[in-house]
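Worksheet: one structure, shown below.
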Amino acid sequence: MKDLIVKCFNISKSYGNIKALTDINLNIEKGELFGLIGPDGAGKTTLFRIMASLILADSGSAFVDNLDVVKDYKALRRHIGYMPGRFSLYQDLTVEENLIFFAKIFNTSIKENYHLIENIYKHIEPFKNRMAGKLSGGMKQKLALSCALIHKPSVLFLDEPTTGVDPVSRKEFWEILGKLKAQGITIIASTPYMDEANLCDRIALIQHGKILSVETPQKITAAYGKKLYRINAADNFALLTQLRGNPEVASCLLFGGYLHVTFKNDADTSIPNLEITEPSVEDCFIELMTKSND
Amino acid sequence: MISKVIETRNLTKRFGDFTAVDNINLDVFKGEIFGFLGANGAGKTTAMRMLCGLSKPTSGQGFVAGFDIARQQEDVKKHIGYMSQKFSLYEDLKVWENIRLFAGIYRTKNHEIAAKTDSVLAKIGLSSERNALVKKIPLGWKQKLAFSVAVFHNPAIVFLDEPTGGVDPVTRRRFWELIYEAAADGITVFVTTHYMDEAEYCNRVSIMVDGKIEAIDTPQHLRRQFNANNMDEVFRKLARKAERNDNG
């Protein structure tokens with residue numbers, strides 16, 4: 001069995017009468033690039049903040065790098081890097097000043113760990129005298145990642161680093177994460193974009209404070225319970241309305257240039273151009289969330 | 001002939017020596033769902049602000065709903081709807097109060113507002129939430145409500161700026177069904193998104209690179225033109241050659 005670097009046991013957390021997390025059990029292996037995938041309000045940020053020792057769970061326990069997130073929080077914070085979803089560096093310090101600040105509070109220096117951030121920081125180094133508040137979104141993101149890495153954490157928590165970012169830049173960001181992983185850092189990133197699931201070693205699908213599934217993306221799609229078909233037409237919306245009226249059809253949803261269709265029993269072969277297709281992680285998410293809502 | 005709801009000729013916006021929007025030519029037709037795509041920093045927001053009458057062009061021309069975006073900005077604003085993921089509703093007002101406020105701003109008559117509020121809430125399944133504070137309702141409901149508010153005054157065109165960010169995959173699809181219904185009712189839809197599957201749902205899309213429109217066509221034609229399986233590949237092929245981007 002591989003070393004577990006993050007362990008959560010029965011974590012629950014409520015805000016007033018809103019249950020943010022319910023009985024979360026999660027193990028993450030050392031060296032993994034792990035994705036926490038779910039929509040806004042699923043509980044991703046709450047779980048990150050508990051794992052990063054920033055808020056307390058109502059019940060349950062969690063360990064990161066064998067340190068208890070409650071009892072050992074001071075030691076734990078030297079072992080983790082955390083990049084919140086909202087930009088939280090000092091806007092009125094320059095790029096370089098922010099980085100020096102974060103290095104100093106961890107008793108290290110830019111020089112000591114430059115190799116870790118070089119790939120990322122070199123893109124913003126030409127602007128090192130610019131105020132952090134004056135950077136573009138992509139540059140802020142690179143600075144925040146550099147600051148989260150400068151003390152050489154063993155685990156990096158990234159809360160929605162790609163939200164609002166275009167598809168090309170998102171792919172580039174995941175490539176950066178792949179390189180960090182190769183340097184031995186465990187990375188746990190959350191995202192609302194299901195298409196990023198395939199860039200992770202393993203993923204947890206999360207919705208309404210509950211984990212629906214934890215697996216490799218391949219195993220998640222292999223576990224899809226039904227035969228899935230796709231079909232398209234010049235007017236997919238008209239076709240959608242028509243197929244939803246078909247009593248044999250169990251579900252029919254827009255999926256890019258196609259509709260994805262499942263049937264209550266066997267496929268209705270009288271429908272022209274119907275072809276069998278492989279489910280994506282998004283199909284699986286929809287199936288799992290529909291089941292859990294029932 | 002189908003009427004044009006947006007028409008721009010060499011529309012340009014410069015900030016100092018930086019050309020954010022560079023001579024764009026765009027025709028959008030009545031009832032169309034038009035996807036306005038581009039990488040972060042390509043100039044989409046600046047172009048949208050001009051089309052909504054919020055920013056004056058440096059040069060070139062543009063007409064939205066028949067009004068000149070340089071000279072008739074107030075008329076433009078009255079004939080459009082706008083919704084963005086970041087801001088659309090007042091969280092500390094009730095559901096019905098948001099409708100009342102925005103409809104009033106758009107000069108909808110009081111008796112029309114009262115009658116239409118019921119039918120709109122019934123259509124999106126929020127009748128029982130009429131008196132709920134907006135901050136208390138789930139994100140997916142807020143988005144449906146924000147969209148209904150944006151089209152309440154029957155605008156010629158509604159601008160949707162990343163309307164589906166962050167919602168679950170089922171809610172995201174329901175939202176697109178609302179978009180299709182609005183388009184079927186004759187409202188033109190102008191939408192930006194970072195979900196490339198949503199680009200496929202549009203009748204036509206344009207892709208902006210470095211301030212210019214590099215491609216404009218139906219998703220089917222673009223896939224063929226760029227020899228790609230889907231719009232994600234088309235987008236990558238075009239956006240990869242961008243010289244300026246948001247990453248510094």
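A note on names: the letters A, B, ... follow the listed sequences, proteins ahead of strands, and every chain is numbered from 1.
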What distance separates [X] [atom1] from [Y] [atom2], expressed to the nearest 0.5 Å?
{"X": "B:N230", "Y": "A:F255", "atom1": "CG", "atom2": "CZ", "answer": "13.0 Å"}
{"X": "B:D197", "Y": "A:L254", "atom1": "CG", "atom2": "CG", "answer": "9.0 Å"}
{"X": "B:T192", "Y": "A:D166", "atom1": "OG1", "atom2": "CG", "answer": "11.5 Å"}

[X] versus chain B, the contacting section by heavy-atom distance below 4.5 Å:
{"X": "A:Y258", "value": "neither"}
{"X": "A:L135", "value": "neither"}
{"X": "A:Q207", "value": "side chain"}

Counterpart residues, side chain to side chain donor-acceptor pair (under 3.5 Å), relative to B:N98 (two or more places apart): none
Could you tell me which residues satisfy side chain to side chain donor-acceptor pair (under 3.5 Å) with A:K171, sequence neighbours excluded, listed by chain and number? none
At a 4.5 Å cut-off on heavy atoms, which part of B:N203 comes close to chain A: side chain, backbone, both, or neither? neither
How about residues 163-178 of chain B versus chain A: which residues have heavy atoms under 4.5 Å apart? B:G165, B:G166, B:V167, B:D168, B:P169, B:V170, B:R172, B:R173, B:W176, B:E177
Can you name the salt bridge (charged side-chain N to carboxylate O under 4.0 Å, His left out) partners of B:K123, sequence neighbours left out? B:E181
Between A:F237 and B:Y180, what is the ring plane arrangement, given parallel below 30°, perpendicular above 60°, and tilted in between? parallel
